[in-house]
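So that the names make sense, note that chain A is the first sequence line, chain B the second, and so on, each numbered from 1. Reckoned from all heavy atoms, side chains included, excluding hydrogens, waters and symmetry mates.
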Amino acid sequence: MIGLVDCNNFYVSCERVFNHKLNGRPVGIMSNNDGCIIARSEELKALGIEMGTPAHLVRHLVERGEIVLHSSNYELYGDMSHRVQGILERETAGVEPYSIDEMFVRMDGFEPEALLEHAKSLHRMIRRGTGIPVCVGVAATHTLAKLANRIAKKHPGYPGVCILHAESDEARHLLQQIKVSDVWGVGRRLNERLQILGINTAWDLREADAKRLRRKFSVNMERTVLELRGISCLEMNDFNEPRQRIMTSRSFGRPTSQLCDLQGAVRQHAQRGAEKLREQKSLARAVLVFLKTDRFRPDLPQYSPSLAVEMERPSQDTRDILHAAQEALRKIYRPKYGYKKAGVMLIDLTDESRQQLSLMETPQTEEERQRSQKLMATMDALNEKMGKGTVRLGLPEKNAPWHLRCANRSPRYTTNWDELMVAYTDEGAAQKNKANKLC
DNA sequence: TGGGAAGCT
DNA sequence: AGCTTCC
């Protein structure tokens, strides 16, 4: 059996662990640049504020003190996510993180009653160990485990935990109540097309002709049907395969037309991309850079170029990647546009073990490669130990227009020595905590 | 008026 | 390359 542990309103729950004043209040967390609302407490949902609402549309509610909006604090959420993962690693036979707030776990070899107890104890232990409320869904396949989790979240009869046995009457009854659009892999478009075929519920989809749907849609649709029947088509390992491309991009706090600003942003992204590349032990052959103007300003001239530059050989060295990225940027840059976003994509990835096979290398290049590896390992180790961005290429820039806007971010309570929780009241400390709220 | 990734067409 | 899907 497969369990899916999903944290409730994860970002809001993380904030609440450290700020009890947020309990019981309508709280939302905003995306990067404080753009739109990407996480909501139950109280905020009850006010009818939808996922993805632009933050400026509810500014008046914030000013009147009726709702609270926080900038997102990914360091905090990432750390809390690791804590949840740590407990699951200790308590289960295997964990597959799927997203920052969802983890699949192996739950094989339990008798039915012991299985329920095990799921309940995970639910309890995570709450106690981290302060984060979670729901646990258990079933024979990933797709059913997702549905079981949904039932645990929404169905009053299954408070926090739901075990779904594929062939049971109970499962049939529950699947008949779930809209097909709530099935994993069925988005807006597929939902419309399925409705036309008279497939409205998760049960309808389960009972549909898998081969026919494969012809009409794709192999993934057939997989979904089989998974709903309890036939596993996804392996646990499918979720931590190395990425086939790595993208880092970000919108700017303010638009800019200056090449040097874009160079700063691209430099940052190239370095972050190279770190991710080394994390998954890959090499990139080419680096693609893209720029975008503000698509919400049709009154201004639009320009969204992109260019891929190939490197001499596949590399994971920040310097090679940065060099290629800057070359690409120089070639696509045109002055007189107000750029709002820049990004770097690492493409044509291969496994780093392939690098060792090049027998034709001269001793110089072999030595160079080892130096590169040592340098990168040292940089990564320092940044791991001392905090992100401790060692990097290029000068730090204050107030660059491409820097993120995040006006109301909570302290990085668990990952930054200067922002630890203050446990006693003292004016100086309170001041300090306040000052730390600024980015 | 977000960011990141994958797969299909 | 653009669209869809996921979170």
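- Two residues, A/Arg243 and A/Cys36, neighbour DNA chain B, and the one matched to the more 5' nucleotide by heavy-atom proximity is A/Cys36.
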For residues 2-15 of chain A, which side-chain donor-acceptor pairs fall under 3.5 Å, sequence neighbours excluded?
residue, atom, partner, partner atom, Å
A/Asp6, OD1, A/Lys153, NZ, 2.8
A/Asn9, OD1, A/Lys45, NZ, 3.0
A/Asn9, ND2, A/Glu42, OE2, 3.3
A/Ser13, OG, A/Asn8, O, 2.6
A/Ser13, OG, A/Asn9, O, 3.2
A/Glu15, OE1, A/Ser410, OG, 2.7
A/Glu15, OE2, A/Tyr77, OH, 2.6
A/Glu15, OE2, A/Ser410, OG, 3.1

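- For A/Glu170, the side chain to side chain donor-acceptor pair (under 3.5 Å) partners two or more places apart in sequence, or in a different chain, are A/Tyr158.
- By the side chain to side chain donor-acceptor pair (under 3.5 Å) test, A/Gln280 pairs with A/Ser282, sequence neighbours left out.
- Applying the side chain to side chain donor-acceptor pair (under 3.5 Å) rule to A/Ser31 yields no partners; only residues at least two apart in sequence or on another chain are considered.
- Under the side chain to side chain contact (heavy atoms under 4.5 Å, CB included) criterion, A/Thr415 pairs with A/Glu75, A/Asp79, A/Arg412, sequence neighbours left out.
- Distance check on atom P: B/dT1 versus C/dC7 gives 24 Å, rounded to whole Å.
- Remark: A/Asp294 engages A/Phe296, A/Arg297, A/Lys340 in a side chain to side chain contact (heavy atoms under 4.5 Å, CB included) (not counting sequence neighbours).
- Applying a 4.0 Å cut-off to non-hydrogen atoms, the residues of residues 200-221 of chain A that approach DNA chain B are A/Phe217, A/Val219, A/Asn220, listed by residue number.
- By the 6.0 Å contact criterion, NE2 on A/His165 is enclosed, its count of non-hydrogen atoms from other residues, nucleotides or ligands being greater than 12.
- For the pair A/Ile246 and A/Pro54, both in contact range of DNA chain B, the more 5′-proximal nearest nucleotide belongs to A/Pro54.
- Between A/Glu222 and A/Lys211 there is a salt bridge, since a side-chain N of the basic residue sits under 4.0 Å from a carboxylate O of the acidic one.
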Please list each protein N or O that sits under 3.5 Å from an N or O in nucleotides 5-7 of chain C, with the distance.
residue, atom, partner, partner atom, Å
C/dT5, OP1, A/Arg189, N, 2.7
C/dT5, OP1, A/Leu190, N, 2.7
C/dT5, OP2, A/Arg188, N, 3.3
C/dT5, OP2, A/Arg189, N, 3.1
C/dT5, O3', A/Gly187, N, 3.3
C/dC6, OP1, A/Gly185, N, 3.4
C/dC6, OP1, A/Val186, N, 3.0
C/dC6, OP1, A/Val186, O, 2.7
C/dC6, OP1, A/Gly187, N, 3.3
C/dC7, OP1, A/Lys146, NZ, 3.0
C/dC7, O3', A/Ser99, OG, 3.2
C/dC7, O3', A/Asp101, OD1, 3.2
C/dC7, O3', A/Glu102, OE2, 3.0

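- For DNA chain B, the outermost nucleotides in 5' to 3' order that have an atom under 4.0 Å from a heavy atom of chain A are B/dT1 to B/dT9.
- For A/Glu96, there are no side chain to side chain donor-acceptor pair (under 3.5 Å) partners, not counting sequence neighbours.
- Residue A/Thr248 is in sugar-phosphate contact alone, with no base atom involved, counting any heavy-atom pair closer than 4.0 Å across all strands shown.
- The two residues A/Gly52 and A/Cys36 come nearest to each other via the heavy atoms O-CB, 3.5 Å.
- Contacts of A/Arg295 with the nucleic acid, taken as non-hydrogen atoms under 4.0 Å apart, involve only primed sugar atoms and P, OP1 or OP2.
- With sequence neighbours left out, the side chain to side chain contact (heavy atoms under 4.5 Å, CB included) criterion links A/Arg334 to A/Tyr303, A/Tyr337, A/Tyr339.
- In this structure, A/Arg250 contributes its side chain and A/Gly343 its backbone to no donor-acceptor pair below 3.5 Å.
- Within a heavy-atom distance below 4.0 Å of DNA chain B, the residues of residues 250-279 of chain A found are A/Arg250, A/Ser251, A/Lys276.
- One finds a salt bridge joining A/Arg188 and A/Glu192 here, because a Lys/Arg side-chain nitrogen approaches an Asp/Glu carboxylate oxygen to under 4.0 Å.
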